[in-house]
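Below: one structure, written as structure tokens.
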Amino acid sequence: CCNLSDFSKDNALIYLVIIKMNVLVFNFFTYFNLVKILLRISILISCAIVLLPIEIYAAGEYRAIGTRMMVPGLGGVSSINSYSSSSNQAAMGFSTKSSVATYYAHTGIAEGVNNFMALGQYHLKKGGTIGFTGSYFGYDLFNDKKIGIGYGLKLADFVSIGAQIDILNNKISGYESNTAVTFEIGTLFKINNKIQIGAHIYNPARVRYGKDSEERVPTVFRLGATYTTKEKIWVTGELEQDLDNNLAFRAGVDYKINSTLTVRSGLVTYPLSGTLGVGINYKSMQFDIIGAYQKITGISPQLGISYEF
């Protein structure tokens, strides 16, 4: 296990901010026992983003396979939009509309290797939102598939929690396919009308592909914040820790030129890559066209379409 000397200054600062925020939350909800229990869950998720990766790395490294994509502007751990059922289910708790969305990316890894995703969110009148996610990555010789059903609930005007059950399938040509069942959990805090903080853990149980397999599903911790100013500029920053990869930082900026056109760009530090694109809003529909560049894979075109109702 780790000790306090293992903490970097950045981790210590993040930890102190979370603790102070947690004290304010519990003081405000002293007399609401049910809400206190749910808030503890959201607080544990937030603290785990900082503490768990340090503790697990101290015990040794783990090997994982699979790909997890997140494009700045299309989704994020602290964003509330039609892609929340994939990026952070807790954000669905703040949704007031239902939506459907689809996403496509040509990865550039090899010919025919693509990433498809279909998402849906249904807002319940009695509270909360149900989400659905289906994705496919790869091609005939190798592919990863995922189906997930999740739920997001707003606990108060400033906090929500969410969770999702995932069924995963991994197939390599010439071998038997492997299936795994895991889950993901998240929380979202609205500090004020401009600032949101989100935390999310994917596969905290460190499940494997099959009973006899040594290959683990990736475990990913994410902590991020979003800042919106004058409803025109949207800025997000996010830390992502895959237990088998280096710490990554993601940043994205959206600039709303008018009610129809939005320009956005993003940067990811590991692997180093950048994105640049536009969003087009037409009534209840949104079209996102993005180009991502990475030194190894080159330029990868990406397309997102969403509809709210």
Side-chain angles (χ1 to χ4, degrees), residues 18 21-22 24-26 28-29 32-49 70 73-101 103 117-134 146-166 182-204 220-228 231 234 236-238 240 284 286 306-309:
I18 293 173
M21 184 167 57
N22 294 343
L24 292 174
V25 170
F26 278 110
F28 187 78
F29 286 95
F32 298 89
N33 292 329
L34 178 59
V35 176
K36 282 177 63 178
I37 293 172
L38 295 175
L39 282 172
R40 281 175 179 158
I41 295 174
S42 67
I43 290 165
L44 287 173
I45 295 169
S46 301
C47 291
I49 299 298
M70 192 280 288
L74 287 186
V77 70
S78 56
S79 304
I80 303 172
N81 53 37
S82 300
Y83 298 87
S84 297
S85 59
S86 174
S87 56
N88 185 359
Q89 295 75 32
M92 295 192 299
F94 286 104
S95 297
T96 57
K97 295 182 178 180
S98 300
S99 64
V100 291
Y103 167 75
M117 182 178 292
L119 312 95
Q121 298 177 187
Y122 182 74
H123 180 66
L124 303 174
K125 294 182 179 180
K126 293 184 178 181
T129 299
I130 297 174
F132 167 82
T133 302
K146 170 185 171 181
I147 295 177
I149 299 177
Y151 178 72
L153 177 66
K154 183 172 73 172
L155 303 180
D157 290 338
F158 65 93
V159 62
S160 65
I161 60 172
Q164 180 166 286
I165 301 294
D166 299 319
T182 186
F183 67 98
E184 46 193 291
I185 52 177
T187 185
L188 184 70
F189 293 90
K190 275 193 171 185
I191 306 304
N192 52 42
N193 292 331
K194 295 182 178 180
I195 300 175
Q196 297 168 183
I197 296 176
H200 186 267
I201 307 175
Y202 176 74
N203 185 37
V220 183
F221 299 81
R222 291 186 294 142
L223 177 67
T226 296
Y227 177 77
T228 305
E231 298 183 354
W234 178 89
T236 183
E238 182 175 316
E240 179 181 296
S284 298
Q286 178 172 314
S306 61
Y307 174 74
E308 292 186 341
F309 56 94

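S84 has its side chain within reach of Q121: a pair of non-hydrogen atoms, C-beta onward, lies under 4.5 Å apart. Contact of the E184 side chain with the N203 side chain is not registered, since no non-hydrogen atoms from C-beta on lie closer than 4.5 Å. Counting heavy atoms from C-beta outward, S78 and N88 have side chains that stay 4.5 Å or more apart. A 4.5 Å side-chain heavy-atom check between S87 and H200 finds every atom pair outside the cut-off. No side-chain heavy atom of N81 sits under 4.5 Å from any side-chain heavy atom of S306. The closest side-chain heavy-atom distance from E308 to S98 is not below 4.5 Å. Counting heavy atoms from C-beta on, the side chains of L188 and F94 come closer than 4.5 Å. In this structure the side chain of I191 reaches within 4.5 angstrom of the side chain of I197, judged on heavy atoms.
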Chi angles and distances behind the side-chain contact (heavy atoms from CB on, under 4.5 Å) call for L153, S160: CA-CA 6 Å; L153 177 66; S160 65; over 6 Å; no

Trace of the side-chain contact (heavy atoms from CB on, under 4.5 Å) decision for T226 with W234: CA-CA 7 Å; T226 296; W234 178 89; 3.0 Å; yes

Derivation and outcome, side-chain contact (heavy atoms from CB on, under 4.5 Å), residues I185 and I161: CA-CA 8 Å; I185 52 177; I161 60 172; over 6 Å; no

Pair L124, Y151 - check side-chain contact (heavy atoms from CB on, under 4.5 Å), show working. CA-CA 10 Å; L124 303 174; Y151 178 72; 4.0 Å; yes

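The distance from the OH atom of Y103 to the OH atom of Y83 is 9.0 Å, given to the nearest 0.5 Å. Considering CD of Q164 and OH of Y202, their distance stands at 9.0 Å, rounded to 0.5 Å. Note that OG of S85 is 9.0 Å distant from CZ of F132, once rounded to the nearest 0.5 Å. Here Y122 contributes atom OH and K97 contributes atom NZ; the two are 15.0 Å apart, rounded to the nearest 0.5 Å. One distance of note links CG of L119 with CE of M117; it measures 5.5 Å at 0.5 Å rounding.
With hydrogens and angles left out, the side-chain atoms of D166 and T182 include no donor and acceptor closer than 3.5 Å. Side chain to side chain, H123 and T129 meet the donor-acceptor criterion of an N or O pair below 3.5 Å.
Under a 3.5 Å cut-off, the side chain of E238 and the backbone N or O of L223 do not form any donor-acceptor pair.
Residue V220 comes nearest to E240 through the heavy atom pair CG1-CG, 3.5 Å, listed as atom of the first residue, atom of the second, then distance.
Remark: N193 CG is loosely packed, at most 12 non-hydrogen atoms of other residues, nucleotides or ligands lying under 6.0 Å away.
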